[in-house]
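In what follows, every chain begins at residue 1, and chains take the letters A, B, ... in the order their sequences are listed.
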2 protein chains.
Amino acid sequence: MKDISLNIDDYLPLRDVVFNTLRNAILTGELQPGERLMEIKLANKLGVSRTPIREAIRKLELEGLVVNTPRKGAEVANISAEDLHDVLEVRRSLEALAIDLACDKITDEMLDELATNIESFKNAMSTKAATEIASTDVGFHDIIYKSTGNKRLIQILNNLREQMYRYRLEYIKDQESWNRLMTEHITIYDAIKRRDKEAATEAILGHIDNQEINIRDKMGFDR
Amino acid sequence: MKDISLNIDDYLPLRDVVFNTLRNAILTGELQPGERLMEIKLANKLGVSRTPIREAIRKLELEGLVVNTPRKGAEVANISAEDLHDVLEVRRSLEALAIDLACDKITDEMLDELATNIESFKNAMSTKAATEIASTDVGFHDIIYKSTGNKRLIQILNNLREQMYRYRLEYIKDQESWNRLMTEHITIYDAIKRRDKEAATEAILGHIDNQEINIRDKMGFDR
DNA sequence: ATATATAATTATGTATACAAAAAACTCAAA
DNA sequence: TTTGAGTTTTTTGTATACATAATTATATAT
């Protein structure tokens with residue numbers, strides 16, 4: 001059957017196009033922490049005027065991906081050891097909440113999605129596709145988030161995850177961690193399936209903590 | 001002793017002035033949910049051009065205080081029963097985290113600040129100053145947030161609180177609730193002082209739940 | 001060579017101009 | 001009175017202009 005959705009509203013303001021572009025550039029490391037975002041340069045590169053660039057920067061600023069100094073301009077935010085700690089402390093708490101809600105609310109369809117995701121993960125591992133692994137990993141957690149049915153929770157968790165996403169690219173290349181990552185996902189999946197909140201919470205917290213250790217290592221933070 | 005801080009940098013970009021102004025107008029109810037934010041009208045009223053207005057709106061948009069429809073414009077966000085539920089679900093979890101951290105980290109000075117705050121609350125009650133009560137109530141929680149030492153947590157909790165702040169103005173006028181509010185603050189304070197995490201958590205959750213009930217009543221949501 | 005003052009350049013802050021979409025209005029027809 | 005086509009007005013989206021602060025470059029004196 002054909003999908004006749006007359007996509008009347010495929011219009012996106014330039015500011016949002018720019019916002020998505022810049023955000024992606026930051027998350028993939030194309031724009032590095034500390035790098036200046038110069039309006040005219042970006043405007044030329046993207047072929048638009050300064051106006052949408054500025055509005056996009058305002059949003060990135062509020063999202064914490066960019067820091068702005070009045071009359072000096074914006075630069076890509078640089079996360080400190082303290083920031084990382086703060087983000088992870090909050091994230092631990094909200095991941096626990098998410099798992100708790102997931103155990104209550106997840107549907108059979110979503111459980112299937114998780115199972116499928118784990119299979120994709122195995123495939124990506126066998127083909128050693130790091131990018132694929134990374135996006136599958138993100139997808140696994142997305143399913144859990146979605147199953148909570150709490151839009152605000154999803155939004156905040158995505159934002160917190162985003163804060164460290166760019167620093168994760170390095171460690172995800174490290175094949176050593178793939179097996180551990182997959183084992184942890186399976187443990188989490190099993191616990192949710194059994195609706196075993198205690199086990200699920202323990203598993204997710206361990207999962208986050210391991211990520212924290214990896215990121216700290218890669219970033220050269222001690223402790 | 002004279003305070004010789006040559007406040008060289010008391011400069012604030014107009015966009016931030018506008019941002020604060022609009023935000024305040026929304027939180028105090030001067031701008032009501034559903035009300036349109038028309039750039040030219042606001043620009044004239046505030047005596048600036050559209051540019052800073054637009055940039056401020058972009059930030060309010062990301063903060064969730066305003067919703068924007070492309071080519072139609074922005075309006076003050078209207079919180080639904082579902083939104084309220086989502087916000088409170090997350091907030092409960094993070095308030096519990098905050099109290100937990102506070103029990104570990106709060107200093108004697110900050111405990112004193114809490115005690116002072118409770119005294120201010122009593123004073124405001126005796127003079128029946130509703131505005132005073134409201135700001136003292138906000139201040140009480142601010143002290144607890146601050147004691148966690150987690151900037152990200154503080155930021156998110158402030159944002160969550162903000163989402164319902166404007167709906168709280170009504171119920172704070174209701175003298176009935178003042179005594180309960182104060183009693184709850186005292187209970188929370190005592191528990192933190194004893195570093196009794198269990199009691200403190202229970203107290204803060206009850207406190208949030210009571211707020212939820214009040215807001216639901218005032219907003220005419222059932223359940 | 002270093003430091004300092006000054007001029008030239010560049011970037012941001014703000015206002016304004018113009019195009020195009022959306023909303024409001026007008027007025028004739030049912 | 002309501003409906004609807006066509007027109008006017010308003011509003012947003014985007015680009016650009018101009019002023020001023022920040023940075024860089026230049027030149028001069030020590």
What protein N or O atoms touch nucleotides 9-13 of chain D N or O atoms at under 3.5 angstrom, if any, and at what distances?
residue, atom, partner, partner atom, Å
D:dT12, OP2, B:E39, N, 3.3
D:dG13, OP1, A:R15, NH2, 3.3
D:dG13, OP1, B:R71, N, 3.0
D:dG13, OP2, A:R15, NH1, 3.4
D:dG13, OP2, B:R54, NH1, 3.2
D:dG13, OP2, B:R54, NH2, 3.4
D:dG13, O3', A:Y11, OH, 3.1
D:dG13, N7, B:R50, NH2, 2.9
D:dG13, O6, B:R50, NH1, 2.9

For residues 25-33 of chain A, dump all side-chain donor-acceptor pairs below 3.5 Å to protein atoms at least two apart in sequence or in another chain.
residue, atom, partner, partner atom, Å
A:T28, OG1, A:N24, O, 3.0
A:T28, OG1, A:A25, O, 3.4
A:Q32, NE2, A:G29, O, 3.4

Under 3.5 Å donor-acceptor pairs involving side-chain atoms of residues 12-22 of chain B, not counting sequence neighbours:
residue, atom, partner, partner atom, Å
B:D16, OD1, B:K59, NZ, 3.1
B:N20, ND2, B:D16, O, 3.2
B:T21, OG1, B:V17, O, 2.7

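When the side-chain nitrogen and oxygen atoms of B:S49 are compared with OP1 and OP2 of C:dA15, one or more of them lie within a distance under 4.0 Å. OP1 and OP2 of D:dT14 both lie 4.0 Å or more from every side-chain N or O belonging to A:T51.
The nearest whole Å value for the distance from the CG atom in A:N44 to the P atom in D:dT16 is 11 Å.
By the ring pair (Phe, Tyr, Trp, His ring centres under 6.0 Å) test, B:F140 is found to be paired with B:H185, residues two or more places apart in sequence or in another chain being considered. Partners of B:E162 according to the salt bridge (charged side-chain N to carboxylate O under 4.0 Å, His left out) rule, which considers only residues two or more places apart in sequence or in another chain, are B:R23.
Residue pairs meeting the salt bridge (Lys or Arg N to Asp or Glu O under 4.0 Å) criterion with at least one member in residues 73-86 of chain B, sequence neighbours excluded: A:K151-B:E82.
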